[in-house]
Every structure is written in C-alpha cells, then in structure tokens.
Trainee: 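Submitted below is the structure of interest, expressed as structure tokens.
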Amino acid sequence: MGSCVFMKNIRCCSRKVDETVEGVPFSRSFKTSKLNARFSDTGLRTSCATRRSCVFFRPCICPRVRHSCKRVLRGPTKPLAIRGSPGLGTDSEAPHGDKVVVVGAGPAGTAVAMQLAKSGYRVQVYERRGDPSEEEQGSSRAFGIVINQRGQHALEQLGIHLPAPGCGVRFDGSLRHTTKGTSLMPNTEGSVCVDRAALARHMVIHAQEEFPEIEFHFSMKCKGVDTARRCISFEDGEGSTVEATYDLLVGADGANSAVREALASEGSLTYSREENLRDYKSFVLDKSLWDSDPEYANRMLTWSSVDGSVTRMWAVPNPDGTAQGMLTLYKGAFAGLGETADYSRLLSAKFAGLRPEMLKAISDSCTDAPVSGGGTMVKCSTLASGRVVLIGDAGHSMFPALGQGCNSAIESAAALKESLEAANGDIESAVRRFSNERLPEVSAAADLSAKVIDIDGSRGPIGNFKKTVFGLQIVLGVLLNKAAPSIFKPPVLFQVNKVGASYVELKDRMMREMATLSVLLVVIVAGIAAAITKIAALFVGPLFS
Ligand SMILES: Cc1cc2nc3c(=O)[nH]c(=O)nc-3n(C[C@H](O)[C@H](O)[C@H](O)COP(=O)(O)OP(=O)(O)OC[C@H]3O[C@@H](n4cnc5c(N)ncnc54)[C@H](O)[C@@H]3O)c2cc1C
C-alpha cells in the first residue's frame, strides 16, 4: 500500500450517512489519530485498530460528525494531501516523512502545523486543553485581539480569511470618548477584531478540515522533553503518561512554555520574563445596548482615563451582534473593587461620555469576572536548540500595547517554513537560521511594545515629557509625510502593522526620532527659559542698579 493516495474529498456533516464508510485503499495509522474517533463512530474501530496499514474507507473530514445534522456535502473530487502526497494544500512534491511534534494548539501552534503540513511533514499537535471544536464559544479565556495586515496576510497563506463566519469583525474605526466629545479614527488598515479563543477554535477547525493529515491530540499536557532521545512526554486526561518521538519539536505552548522551560533547565537557553503592570477584566454587552446608538454600529469604542492614568477601556462588536470589551487597571487595583457600586463609581469618575445603561452593564459584567494579567514579555537568548524551536508566545511573548503578539506569532510560523525550505529540510541548520533571522525581529517588536507601555504608564513631569515627545513624534511624522512623502515616512506607529515592515528598522527609527525630539525639546525649553530670564533682567536689572 503506497503512502501517496488520492481520495475523493467528501465532507460529511452527519455520521449516519453510508458514504463515509465506503472508500479506497488508504495507508495510515489510526491508533492515535483524531480520525479514529470518527471511524469508531461508524463501526470501524476493530478494523482500524487491527489493520492499521490497510483500511478501506472513504474519509469523512468533517470534525463535527457528532452533530448528526444529516447533511452530506460532496466536495470537489480534488485529492487530499496524505503524508506529503501532492494535493489539497500541499506545496511539496517530495514527501520526506520527517515527523514534527507541535506542542500547543493556539494560533502559533496551529499555524505552524498547517505550514509544515503544506511542506509535506508529518505533523502531530498536542494540546493541553480539550478539542475546541467541541467547546462552547465564549469561554472565560475569551477576549478581543486585533489581527492586523501582518496576521491576516500570514493566515491567508493557509486559506484562512478574516473575518470568517462567527470569527472576527472588520470594524469601521475607533470611536474615542474624551471630555471634549467623541472622535472617529477610521480603520484604514482593515484590521479585524476577533475573540482570541474563537480564533484558536476557527484555526483548529480549519486545520482539521483542510489538512486532515495533521494529527491533533487534545487533553495532552507536556510534562518534559528528553532532547537526547528526541522524545517528549505528555500527561493525558486520565493522568497516564504518553510519549512521542520527533525529528523536529516546535514549542508553541504560550508564555509559560514547558518546552522553553525544558531547554532552559538543560542550559540550552536563558530567558528573561517581565510582567505587565496592568490587570484587566473582560466584559460582554447585550446586542440591544450596541443597537441603541447608531454611532456604535460596527465600531470599536475606546475610553481613556480623564486623569491620564493607565485606566482605560474598550469594546468591540462580536459577529453575533453582542459586544465584548476590556477594562484595564494598574496591577492589583481590582482588589480594591468588590461591589458593583465600586465599579460604577470608578467608571463614572474615570471615563467621559459613558452612557448610563452602558456604565451599568459594564459594572454588572465586571463585578464577578475573573482578573487576568495584562500580558508578559519573554525574551529568549535563542529560539532554537538542536531540533527544538520555540514559536509564538513560547519564544517571544510581548506586551499587548501594539497588538503584535498574535500577529507576529502567526508570521513566525510562515518564517519557520521558509527556513526549512531554504535549508533543504536540514532541520538543525534550518532552526538555527530561523532563530538568527527571527529573534532580532521579534525582540524589536517586544521592545517597541515595551516602550509604548512605559510611556503610557509614566507619571509626573518625566511622564509628561515622554508623552509630549511621543505625541510630537506622531504629529510631526504625519505633517512631514504629508508635505514630502518621498522624503519622510509615516510615523512608526502607522507602519508597524504593515506586511514586510521590519520591526528592527521601525524600532531603530523610533528610538532615533525620540532621542532627537527629546534633545530638541530640551533645547527649545532651555532657549525659551534663557530668553525669559534675559528679558526679565532687562526690566528688573535697572531697578537694582
Ligand atoms: C490583554 C491582551 C491583549 C492582547 N491583544 C492582542 C492584539 O490585539 N493583537 C495581537 O496580535 N496579540 C494580542 N495579544 C497577544 C496574543 O494573545 C498572543 O500573542 C497569542 O495568543 C499568542 O499565541 P500562541 O499560540 O503563541 O500562544 P497561546 O495563545 O497562549 O497558545 C498556547 C497554547 O498552548 C497550550 N499549552 C500551554 N501549555 C501547554 C502544555 N504544557 N502542554 C500542551 N499544551 C500547552 C495552551 O493551552 C494554548 O492552547 C494580547 C494579549 C493579551 C494578554
């Protein structure tokens, strides 16, 4: 039985339909595959378990067979990609059979799984949580993140277009509330706001449908890595230990990565970790609230604190017409708020233009919501060691100030694929190359985000000075770019979301411009002070002579 088999792509939305069990010869191990569950549903469990290399069936690739919706969609008769066979979503003509184990099915892990499946690798994903396609939406992990042009471009390579049904909203612009009223900043870049959990779920379902050769293993928590044996161990939902060997191990298990910890404890890398000095609470608003004001339609609403502190709030519409938002306070500040009345007092004191019904709904929703940390910055000395590579928050978690964490994570998945291709599949040199090229970029993105967080959180005269310089940089950048676009580029903050814009160059430019403006501002202020002193001396001096 060959490992390169062409099959009819039939999508089934009901396990009760015969078509899903007829088929063609197909070589694949079902023992641990997600497919196992589906075929056991059709009565083929024994056949799958005992005749592991030669099973006859026509595959059902719908991950929602359990819904029994009695619909069968016959897909086009294009071939599926199995074990590197040329076909749907596969770039590579030459299957090489190297096995990639990905830890974590967040945006980074699922993106890298699809990228490497496209290149013909055998990919297994192990995720600590349950199968998101079987979870209800709107879990406590839900909060809105912005997917900009970078992230959208990288997702499009995988066939994911945002917004998708039930996943993301392309808002018209941000409606800023201040003491002077509201002002609209249009969403000229086409950014999409999406619930983080919904995005992860959408990506997993897309991968299961379009890349059925990827094996997903849920409820598997990484416990340790033995790099000498190229073996990783997991604890399954019942507390048993499961081991998997790998040719390439991708740690995409988030900011508290167990894979990174394993590399650090064997001395293969060092890393620093810094917590954002902010906490947040997520809230959900009824559709009726959003519909009550035509100004809100398809817009992001933002509120900054009237006293210039980091207390801020934003809300965006969900695809179902409800809205979700986030209230951010200094770290630990939520501890001082117990009752709904405390939230009402805080919101009315800090935010201008918050309508009473909205204020009440947010106060109600926040009272019992859990407090979450406002993000972590993790900086590693390297993203790769031997045959292990870190991607996404596991290798380069950053503060959310510029909304680059998820976008850069999905970009990193594409960058890893490119490095493997450039190294002709030589895994060790590919991951070294990936780290050498990618680490400076993601470190610069983290530095830029940290800079913005620092300016935003600074208080007193120095804080005001930093905020003035930052504001000047943006205003002057816009004016100069308008006056002479061939000489002056738009401000850094307007370029950071652009596909292909180098974070390293943007960071260097921002630091240079801020240093120049700081000196200029000091010189101007000193000049004005000197002039005032001189003028005063002209008038006051004669009185004492
Ligand atoms: C308040 C806030 C706002 C943000 N806003 C934005 C934004 O606007 N734009 C943006 O681009 N980014 C934003 N981010 C950052 C973004 O959420 C992350 O960068 C992104 O989720 C990273 O994806 P990831 O796949 O690397 O990690 P994660 O999303 O953390 O996924 C890691 C996965 O690994 C699994 N896992 C963890 N440990 C194990 C283990 N031991 N074994 C097996 N599996 C494991 C987890 O269950 C999870 O599914 C924001 C972050 C915060 C906190």
Side-chain angles (χ1 to χ4, degrees), residues 101-113 124-132 135 139 141-152 154-155 162 168 191-201 203-204 216-225 232-237 242 244 249-262 275-276 278-282 300 312 314 316 324-328 371-378 390-413 442 445-446 449 453 496-497:
V101 169
V102 179
V103 186
T110 310
V112 87
Q124 295 182 340
V125 181
Y126 290 81
E127 163 60 45
R128 145 186 94 165
R129 295 198 169 103
D131 185 343
E135 268 178 15
S139 69
R141 292 183 290 128
F143 64 86
I145 62 174
V146 175
I147 299 300
N148 59 38
Q149 291 177 356
R150 288 175 183 271
Q152 288 179 46
L155 286 172
L162 293 182
S191 294
V192 170
C193 193
V194 55
D195 178 279
R196 184 173 72 158
L199 175 66
R201 181 175 184 274
M203 289 178 71
V204 167
F216 279 94
H217 303 267
F218 294 103
S219 305
M220 290 281 191
K221 184 175 179 185
C222 170
K223 300 301 284 178
V225 183
I232 177 161
S233 56
F234 298 92
E235 186 182 291
D236 71 10
V242 176
L249 175 64
V250 183
D253 47 343
N256 300 316
S257 170
V259 177
R260 185 184 67 229
E261 213 46 61
E275 299 301 324
N276 187 357
R278 293 150 179 77
D279 284 334
Y280 71 88
K281 280 195 175 195
S282 294
M300 177 188 281
R312 61 188 65 235
W314 60 278
V316 282
Q324 66 170 310
M326 215 182 260
L327 170 66
T328 308
V371 181
S372 303
T376 310
M377 178 163 72
V378 172
L390 300 174
I391 211 162
D393 278 10
H396 48 82
S397 177
M398 53 194 80
F399 295 146
L402 290 176
Q404 298 300 314
C406 191
N407 290 289
S408 64
I410 301 168
E411 274 190 328
S412 288
V442 288
S449 307
I453 281 274
V496 75
N497 297 336

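Atoms within each ligand, like the ligands themselves, are counted from 1 in listed order.
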Trainee: Who gets closest to atom 15 (C) of ligand 1 by heavy atom: Ala255, Gly373, Cys406, Ser408?
Mentor: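 The option holding the nearest heavy atom is Cys406.
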
Trainee: Under a 4.0 angstrom heavy-atom cut-off, which atoms of ligand 1 come close to Ala252?
Mentor: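 Numbered from 1, ligand 1 contributes 32 (C), 33 (C), 34 (O).
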
Trainee: Check whether any side-chain heavy atom of Lys281 lies under 4.5 Å from a side-chain heavy atom of Val371, and answer yes or no.
Mentor: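 When only atoms from C-beta onward are counted, Val371 and Lys281 do touch, with a gap below 4.5 Å.
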
Trainee: For the 3.5 Å polar cut-off, considering only N or O atoms, please tell me whether Ile391 and ligand 1 meet it.
Mentor: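 In fact, backbone or side chain, Ile391 has no N or O that close.
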
Trainee: State, with a plain yes or no, whether a side-chain heavy atom of Ser449 is found less than 4.5 Å away from one of Met377.
Mentor: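 With C-beta onward as the side chain, the pair stays apart.
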
Trainee: Against heavy atoms of Gly405, which atoms of ligand 1 measure under 4.0 Å?
Mentor: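 In order of numbering, the contacting atoms are 10 (C), 11 (O), 12 (N), 19 (O).
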
Trainee: For Ala258 versus Asp253, what's the shortest heavy-atom pair and its separation?
Mentor: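 In terms of heavy atoms, the two residues are closest at N-OD2, 2.7 Å.
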
Trainee: If you measure only the distance, is there a donor-acceptor pair under 3.5 Å linking the side chains of Arg150 and Asn148?
Mentor: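 Per modelled atom types, Arg150 and Asn148 side chains form no pair under 3.5 Å.
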
Trainee: Counting each atom of ligand 1 from 1 as listed, which ones have a heavy atom of Gly403 under 4.0 Å away?
Mentor: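 Close to Gly403: 7 (C), 8 (O), 9 (N), 10 (C), 11 (O).
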
Trainee: Could an N or O of ligand 1 be found under 3.5 Å from any N or O of Phe143, whether backbone or side chain?
Mentor: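 No, no N or O pair falls under 3.5 Å.
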
Trainee: For Arg128, what residues pass the side-chain contact (heavy atoms from CB on, under 4.5 Å) criterion, not counting sequence neighbours?
Mentor: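 Here the qualifying residues are Lys221.
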
Trainee: Lys221 heavy atoms, cut-off 4.0 Å: which ligand 1 atoms fall inside?
Mentor: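 Taking each heavy atom of Lys221 in turn, ligand 1 has 41 (N), 42 (N) under 4.0 Å.
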
Trainee: Counting only nitrogen or oxygen atoms and a 3.5 angstrom limit, does Pro400 reach ligand 1?
Mentor: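 By distance alone, the answer is no.
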
Trainee: State if Met220 counts as touching ligand 1 under the rule of any non-hydrogen atom under 4.0 Å.
Mentor: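 It does, in that a heavy atom of Met220 comes within the 4.0 Å cut-off of ligand 1.
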
Trainee: Would you mind running through ligand 1 and noting each atom that sits below 4.0 Å from a heavy atom of Arg196?
Mentor: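 In order of numbering, the contacting atoms are 17 (O), 21 (O), 29 (O).
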
Trainee: If I compare all heavy atoms of Gly373 with all of Tyr280, which pair ends up nearest, and what's the gap?
Mentor: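 Minimum heavy-atom contact is O-CE2, 3.1 Å.
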
Trainee: In the structure I gave you, are the side-chain heavy atoms of Arg129 and Phe218 within less than 4.5 Å of one another anywhere?
Mentor: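 No; the side chains remain at least 4.5 Å from each other.
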
Trainee: Mark up the atoms of ligand 1 that fall under 4.0 Å of a heavy atom belonging to Arg129, in ascending order.
Mentor: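 So the answer, numbered in order with elements, is 46 (C), 47 (O), 48 (C), 49 (O).
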
Trainee: What atoms of ligand 1 come closer than 4.0 angstrom to any heavy atom of Val103?
Mentor: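 Result: 42 (N), 43 (C).
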
Trainee: Give the minimum heavy-atom separation between Gly104 and Val125, together with the two atoms involved.
Mentor: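 Result for this residue pair: O-CG1, 3.8 Å.
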
Trainee: Taking all heavy atoms of Leu390 and all of Arg260, pick out the closest pair and write down the distance.
Mentor: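 The pair with the smallest heavy-atom distance is CD1-CG, 3.7 Å.
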
Trainee: Indicate yes or no: does an N/O atom of Tyr280 lie under 3.5 Å from an N/O atom of ligand 1?
Mentor: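 No; the residue has no nitrogen or oxygen that sits under 3.5 Å from a nitrogen or oxygen of the ligand.
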
Trainee: Under the criterion side chain to side chain donor-acceptor pair (under 3.5 Å), I'd like the reasoning laid out for Gln152 against Asn407: C-alpha separation, chi angles, the key distance, then a yes or no.
Mentor: CA-CA 8 Å; Gln152 288 179 46; Asn407 290 289; over 6 Å; no

Trainee: Below 3.5 Å, N or O to N or O, backbone or side chain included: is there any such pair between Cys222 and ligand 1?
Mentor: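 Between Cys222 and ligand 1 (N or O atoms, distance only) the closest approach is under 3.5 Å.
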
Trainee: Going by the atom numbers of ligand 1, which of them fall below 4.0 Å from some non-hydrogen atom of Gly254?
Mentor: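 Numbered from 1, ligand 1 contributes 27 (O), 30 (O), 32 (C).
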
